[in-house]
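Right, one structure below, let's go through it.
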Amino acid sequence: MECSSEARDDCLLFKVNGQRFQLPEVDPSTTLLDFLRHRTPFKSVKLGCGEGGCGACVVVVSKYNTVLNKVESFTVSSCLTLVCSINGCSITTSEGIGNSKDGFHPIHQRFAGFHASQCGFCTPGMCMSLFSALANAEKSKSPEASNGFSKLTVSEAVKSVTGNLCRCTGYRPIADACKSFAADVDLEDLGINSFWRKGDKNEVKVSRLPPYNQKDHVSSYTEKLGDEFRSTRLLNSKKNSWYSPASVEELQNLLHCDTVGNGRSSIKLVVGNTANGYYKEDEIYDKYVDLRYIPELSVVRKDESGIELGAALSISKVVSYLKENSKANLWSSVFSKIAEHMEKIAAGFIRNSASLGGNLIMAQRKYFPSDIATLLLAVGSSVSILSGHKHEKIKMEEFLSGPPLDPKSVLLTVHIPFLERIRIHGSVQTNSRLLFETYRAAPRPLGNALPYLNAAFLADISSDTNGILVNNIQLAFGAYGTKHATRARNVEEYLTGKILSVKVLDEAISLLKGAVVSEEGTSYAAYRSSLAVGFLFQFLNSFFSVGSAISGGSSDEEQNCSLLETSHSKIIHTGNQPLLSSAKQVVESSREYYPVGEPMPKSGAALQASGEAVFVDDIPSPPNCLHGAFICSTKPLARVKGISFENHPRLAEVPAVITAKDIPKEGKNVGSMAMFGSEPLFADDLTRCCGDLIGLVVADTQKNANLAAKIALVDYDTEGLDPPILTVEEAVKQSSFFDVPPMFYPQKVGDFSKGMAEADHKILSAEIKLGSQYYFYMETQTALAIPDEDNCIVVYSSIQNPEFAHRVIAQCLGVPEHNVRVLTRRIGGGFGGKAIRAIPIATACALAAYKLQRPVRIYLDRKTDMIIAGGRHPMKITYSVGFKSDGKITALHLDVLINAGKSVDISPILPLNMIGVLKKYDWGALSFDVKVCKTNLASKSAMRAPGEVQASYIAEAIIEHVASWLSVDVDHVRNRNLHSYESLKIFYGSASGESMEFTLPCIWDKVARTSSFDQRILMIEQFNGSNIWRKRGISRVPIVHEVYVRSAPGKVSILWDGSIVVEVGGIELGQGLWTKVKQVAAYALSSIQCHGTEHLVDKVRVVQADTLSLVQGGFTAGSTTSESSCAAVRLCCDVLVERLTPLKETLQAQTGSVDWKTLILQAHYADVNLAANSFFVPDPTSTRYLNYGAAVSEVEVDILTGETKLLRTDIVYDCGQSMNPAVDLGQIEGAFVQGLGFFMLEEYPTDSDGMVVADGTWTYKIPTLDTIPKQFNVEVLNSGHHQKRVLSSKASGEPPLLLAASVHCATRAAIKEARKQLKLWGAVEGTDLAFDLDVPATMPVVKQLCGLDSVGTYLQTLLSPS
């Protein structure tokens, strides 16, 4: 990797974690992530999305700024950053700031101690985002912080990770770990951790935090750059096709000097390469031209006319500069508001490298929905363009609306003009005021999400004797489904010169509706138009308070208009959304089974934070390793006639393709199996859904394999085939169903006909439709297969059930099962998606390796993963319910149609799962007809609480419907239908347990008490009466969740030095299974009662699952695998203690006392068998039990945008006697937030062919730190002894997810208030208080139910004579 002792201009030079790299040759399209993962030992950078949308790949770049003569450090997304662009830089990754050998960094230690890492896949990226914030805070002029803390504020610390996604934790502990570094942190606000105990004094808490100081923990990583890194040496390498011009003249020469034979060269202009996250490019360019070193493109110039900004400036630098200049009188608010808005574009690690000009060029050439274009359009900006040898300066409007720029044209600078106040007869009007405001409606308040619509308005107003005069106004709108941002010229012309009044407002809004019109095919077109109206209304409404301030009084006309500005209608425009403001955790730990019950940090958490924890794709590739990528069907039902490939310069030869024809004759075309049947690995001659696997392309790199799969041309034939079945209605017509075995079909309760006869009221044939949800595990599906001797194969798989993969691989290859070995150490998130759906990936990998006799690995790109995953089951429910006038339900019948997709998978268990949860209320009589429909969609599979989360929602929707019908409070109806212990036994039978185990009544009361539920209902009534445009709702929801305890194997071995190795069938998914197993092993072995057993937990290591070492591992699913694995380990330990006891007694008699190490050493010499296997099988009377919990959630809905803010959630959940309260608390919070995604955010739609439409981070939005509850309080109830439970513990993995329905129900309550108000205003449509609120209740859904024309209706009310 050496060029020479002295680096040349054509040699790439940089450092990674202090290690020097010199590259004479490199493919210029290579990303930094590719280089780090494949050519260095540093694997902490993870590939989560390849789009810059998740933060798993974040690193810190330190670079010497020769102009400012200082080192600058900032985060970047390494999956987009081209390695050639880091020439002369120092890269720091998570293992570079600390590791297991050199000592962990305080960030790693605090993430572990605050329980902020579960699966751990996202944690290194989180750590680097925080590390960068710490490093830059120390360079700031803020006051020095006290010892152990940084200069960061709490807000800055938490905001540093808002662009990083986590699917496991629910974010609260991550926020706490970040806050712990802040100078202004109140340690009382920090949640459960392993550093201090409740009640410890502040100074004790500070002393127990892992020590942090700026010098040792920041500066040493970001300040030390050698002299060669401080020079202005630019990379100009003809052989690497990478050029770094230092002037506009050099750039012109490069652009117009052809270097290829045909006289035309393709050129890629590069700054941050972040556009590749959105517009995925596979083109190979003749030249890559880095624009960052041209002074004219990095200029920042201010004169009397305005500010000029170089197009190559990063968005972050533009933000910083605008903030610095926001103190300049007239334009201060303009600059600060532009900067504030720009901070909501993408994430910090994207803004740090994405350029101002790049964003605008995407908007101009490719119609990217840019926020920046809208902002600059509103303030009358212009751009300077270099076309050939011609410099041209044009207005932003002309730039955007013109034809797409030539690829060799370059945007040089952006000019933001200073505007003066209006002049009359040559003199400035001193009573005028410039107003500027920006708006953005997006699924995430703090950015990292494209907007539904953005807007920026600039107005010059003055106070007239008749009211507020609009002297001039500029209205820009963007991202609403047109090619580019536009000015609403007709509205501007109408408003200019007008005295503002209700009538003028009404007319302006009518004009705007005709101006902001989306192009055909735009999603939520009416919603986007409504947003424009709402934003203009907010802006114009703000004039009244400003006008009053200008004039110092009120005119008659202004008094008339002030109807808009009363305390009842005041609009609060919230620019800065608060993040998690407070959280309280109440946990009770028991020392009865010590160390079981202790809130220990998750096993390996610090290792995960440093990035040293090894996931499947981190395993180094063996020699001659090939990489695979799937060719997936784009047709829902078609014959496959053949596969060919487009020509591409990167692929020198036609790639090898593995299909069903390559399966050995002794094998079978089987790709997965469950208890109900199997499915093919590859489509034989017929594809049965979009996303069906047709073949596996293998190539020398993953990049080339992905490219080959992308350019594959599949020849389809649909002649003579029936139309595909895509909906449950079509499945019913075709009688296309999967059988549900009788043992999996639930029993009805009571006599439905009798119950309906007793009812005073009936609702008949009401419908509910529920969509799907994608797993969004951070680590996509992955496997590595290595051929072994004697016709054997070893497969490393990220899978929840290695045993099933083992069986399927053996069947597919036609070899005995002892020839196959499947290994799984840990997985980067599963949630059910890495159970059945992971088997085809492992099997295809094994088949390719077996056929080619070379190692093969697969790591799915996010798009492919989302297309083939299947996800949660969509369904249609029709119900009829009878009830009394007091709200008591007497009978319920449901017809449920479940869309299972093309194969059976685990779908037949859904009826049992659903009815088990639906029975949480006493329905009187319950009957149902559940059908599992076979359709031409990707197979749906288990997803955390499969069927159960849908059923919990269905129950709440029915309760809500009954309450609306009776016009009574919904909480009253819930109370009226809660179970007594007697009714619980009728519905759940033996699973009900003893009466003392029925903790729901006390939980129900406790959550009301601790959340001040009754008092807040009154406060919300007052709030809703005082606010027109914001409405709040609150809801309390219970859960009763039945789980099944599984059988599980275990093996415990004690080594010569007394250390202990444990194997279990359960897989560590991030749920803390290994941690609980370690605690139980230590507890059980300590019953030998000798010295040295008090710290036995530190001697225990749990090792990877190995299907040849430990058989019958089964599924890690259903929330009970941890307790089953613990029970199996306890059995092993009991055997070992029994074997050791005679020796211990002998030694004790000889020496008086014996310690653990001596005992074990002597046991080895005495030939005591120190390895024990077990297989835990639960007692038939205790295989089923019930989990209880309740939640209260409060939301605030913005009627103008449909945004729902989750203000507070309080949860009380019964964990029995928790084995590890910190682990269980993490499961509760993480499950709840994943449920929040299902109910409020995550749309997983398909097109008319059944192809997944939301196929990446740009279109699929999981919860982020800014969408979780602002107050998040959780109590883990310790309900004492449960004789039939494992050490009295209960499940925590899935049941709490169901509690997120409380947010949806609270949103419904807020919408009801909005609809009541609409009715008062005289609206006819959209005022019924019984309405369907879709799942997810996204912004467009909520806004539509609150009234798309609510502003118009309101204004008409004001104009009405009555």
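For the numbers below, each heavy atom of this structure counts, side chains included, while hydrogens, waters and symmetry mates do not.
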Residues Thr486, Tyr480; criterion side chain to side chain donor-acceptor pair (under 3.5 Å); working and verdict: CA-CA 10 Å; Thr486 58; Tyr480 61 91; 2.8 Å; yes
Lys703 NZ: over 12 foreign heavy atoms closer than 6.0 Å: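 Atom NZ in Lys703 is packed in, count exceeds 12.
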Lys483, NZ: over 12 other non-hydrogen atoms inside 6.0 angstrom: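 Counting other residues, nucleotides and ligands, NZ of Lys483 stays at 12 neighbours or fewer.
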Set of residues satisfying side-chain contact (heavy atoms from CB on, under 4.5 Å) with respect to Leu860, sequence neighbours excluded: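 Partners of Leu860 by the side-chain contact (heavy atoms from CB on, under 4.5 Å) criterion, ordered by chain and then number, come out as Phe630, Thr780, Gln781, Ile841, Ile858, Thr864, Asp865, Ile868.
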When you compare the side chains of [X] and [Y], does any donor N or O come within less than 3.5 Å of an acceptor on the partner?
X       : Y       : answer
Arg292  : Ser314  : no
Lys1261 : Thr1338 : no
Thr75   : Asn352  : yes
Thr1201 : Tyr452  : no
Glu51   : Tyr278  : no
Thr123  : Gln608  : no

Residues Arg351 and Glu343 bridged, charged N to O under 4.0 Å: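 No salt bridge links Arg351 with Glu343.
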Salt-bridge contact Arg862-Asp1255 (side-chain N to carboxylate O under 4.0 Å):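 So Arg862 does not pair with Asp1255 through a salt bridge.
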For Phe349 against Cys54, the heavy-atom pair lying closest together: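 Smallest interatomic distance, heavy atoms only, reads CZ-C, 4.4 Å.
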Within-4.5 Å side-chain heavy-atom neighbours: Ile1262 and Glu1242: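 They are in contact (side-chain heavy atoms under 4.5 Å apart), so the answer is yes.
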Ile338/His341 under side-chain contact (heavy atoms from CB on, under 4.5 Å): CA gap, chis, key distance, verdict: CA-CA 5 Å; Ile338 290 176; His341 189 115; 5.9 Å; no
Ring pair (Phe, Tyr, Trp, His ring centres under 6.0 Å) pairs, two or more places apart, involving residues 75-96: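 Residue pairs with at least one partner in residues 75-96: there are none.
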